[in-house]
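Working notes for the structure below.
All residue numbers refer to positions in the sequence shown, counting from 1.
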Amino acid sequence: MGAKSTTMTNVSELMTLLSQVERGYTKLLNRRFLKAGFNLSREQYELLRVLWQKDNVNQQFIAKALRKDKYNVTKLLNVLQKRGYVQRKASKEDKRNNFVVLTDMGKEAERELTGIVEQAHIDITFTLSTDEIKSVIWSLRKINTDE
């Protein structure tokens, strides 16, 4: 097996492992949210995180922050609105432009949901040193591409 073939095999394994880790992380958070009484997905949580950092923004802002298309953001928002975490408000200047605003329920969920995620991160990384984590982050940033 040549060097190029070995490299391609290693890259293939890396991509497979990244995919498996991402799916496992999503399942872990989804289970922990549900156990704590939150019927939320990881993606819905990530959208809420955007709003916790900057509330009263339009869908385009959220789509850019999450690196998702507006269609998928709309689907996430529809569920979050139905469950009482967010509401949409029409812009006074342009009625076609909606702003997304956290409800009291959405604001109150921040501390508990953030705690759940922080504990999951602690549980996940207990076998890794800070230097190992930094090394993985550095490596992943090198291969991360913005299409």
Side-chain angles (χ1 to χ4, degrees), residues 8-147:
M8 295 308 291
T9 300
N10 289 341
V11 170
S12 180
E13 182 179 6
L14 172 64
M15 293 304 139
T16 299
L17 287 170
L18 286 173
S19 181
Q20 291 171 349
V21 166
E22 194 274 335
R23 283 193 308 271
Y25 178 67
T26 296
K27 284 172 130 178
L28 172 74
L29 288 185
N30 291 351
R31 279 195 312 264
R32 289 190 181 194
F33 291 155
L34 199 54
K35 185 177 179 185
F38 293 97
N39 187 13
L40 290 174
S41 69
R42 175 183 162 205
E43 286 184 304
Q44 293 160 353
Y45 164 78
E46 289 172 352
L47 192 149
L48 287 173
R49 255 187 45 209
V50 170
L51 295 174
W52 292 329
Q53 293 170 4
K54 183 172 173 65
D55 198 5
N56 198 25
V57 295
N58 62 24
Q59 279 186 229
Q60 186 173 354
F61 178 90
I62 296 168
K64 185 175 180 183
L66 294 175
R67 294 182 178 183
K68 293 191 177 292
D69 60 46
K70 284 178 73 174
Y71 172 77
N72 284 309
V73 170
T74 297
K75 285 178 23 181
L76 292 171
L77 284 171
N78 288 343
V79 173
L80 288 171
Q81 185 171 3
K82 183 178 177 183
R83 293 185 183 160
Y85 290 96
V86 301
Q87 60 186 16
R88 292 178 172 106
K89 293 190 176 183
S91 167
K92 291 177 179 143
E93 293 81 34
D94 182 355
K95 298 292 182 201
R96 297 170 295 173
N97 195 11
N98 287 319
F99 286 87
V100 181
V101 180
L102 287 164
T103 62
D104 288 341
M105 182 179 165
K107 292 174 186 173
E108 291 167 5
E110 179 179 9
R111 189 176 76 232
E112 192 170 353
L113 288 169
T114 300
I116 291 167
V117 172
E118 287 174 355
Q119 186 59 52
H121 291 175
I122 290 166
D123 295 346
I124 289 168
T125 59
F126 77 95
T127 60
L128 299 171
S129 72
T130 302
D131 286 342
E132 288 171 321
I133 293 168
K134 286 179 182 178
S135 177
V136 170
I137 290 169
W138 180 83
S139 298
L140 292 174
R141 283 185 175 154
K142 284 181 71 172
I143 62 172
N144 188 26
T145 57
D146 294 323
E147 299 170 311

Between [X] and [Y], which heavy-atom pair has the shortest distance, and what is it?
{"X": "E132", "Y": "T127", "result": "OE1-O, 4.0 Å"}
{"X": "F99", "Y": "N56", "result": "CB-OD1, 3.4 Å"}
{"X": "L51", "Y": "V57", "result": "CD2-CG2, 3.7 Å"}

Worked verdict on V50 versus F61 for side chain to side chain contact (heavy atoms under 4.5 Å, CB included): CA-CA 9 Å; V50 170; F61 178 90; 3.9 Å; yes

Validation row: [X], [Y] side chains within 4.5 angstrom (heavy atoms):
{"X": "L28", "Y": "I124", "answer": "yes"}
{"X": "Y85", "Y": "L47", "answer": "no"}
{"X": "R88", "Y": "N78", "answer": "yes"}
{"X": "K134", "Y": "W138", "answer": "no"}
{"X": "M15", "Y": "I143", "answer": "yes"}
{"X": "T114", "Y": "W52", "answer": "yes"}
{"X": "L80", "Y": "L40", "answer": "yes"}
{"X": "F33", "Y": "Q44", "answer": "no"}

Contact list for residues 115-124, test side chain to side chain donor-acceptor pair (under 3.5 Å), sequence neighbours left out: Y25-H121, R32-D123, Q119-D123

[atom1] of [X] to [atom2] of [Y]: how many Å apart, nearest 0.5 Å?
{"X": "N30", "Y": "N39", "atom1": "CG", "atom2": "CG", "result": "9.5 Å"}
{"X": "K107", "Y": "L102", "atom1": "NZ", "atom2": "CG", "result": "6.5 Å"}
{"X": "E13", "Y": "Q20", "atom1": "CD", "atom2": "CD", "result": "9.0 Å"}
{"X": "N98", "Y": "L77", "atom1": "CG", "atom2": "CG", "result": "9.5 Å"}
{"X": "E22", "Y": "L17", "atom1": "CD", "atom2": "CG", "result": "13.5 Å"}
{"X": "N144", "Y": "S139", "atom1": "CG", "atom2": "OG", "result": "12.5 Å"}

Set of residues satisfying side-chain hydrogen bond (donor to acceptor under 3.5 Å, both in side chains) with respect to D69, sequence neighbours excluded: N72

Whether S135 side chain and D131 backbone form a donor-acceptor pair below 3.5 Å: no

More than 12 heavy atoms from other groups under 6.0 Å of CD on Q60: no

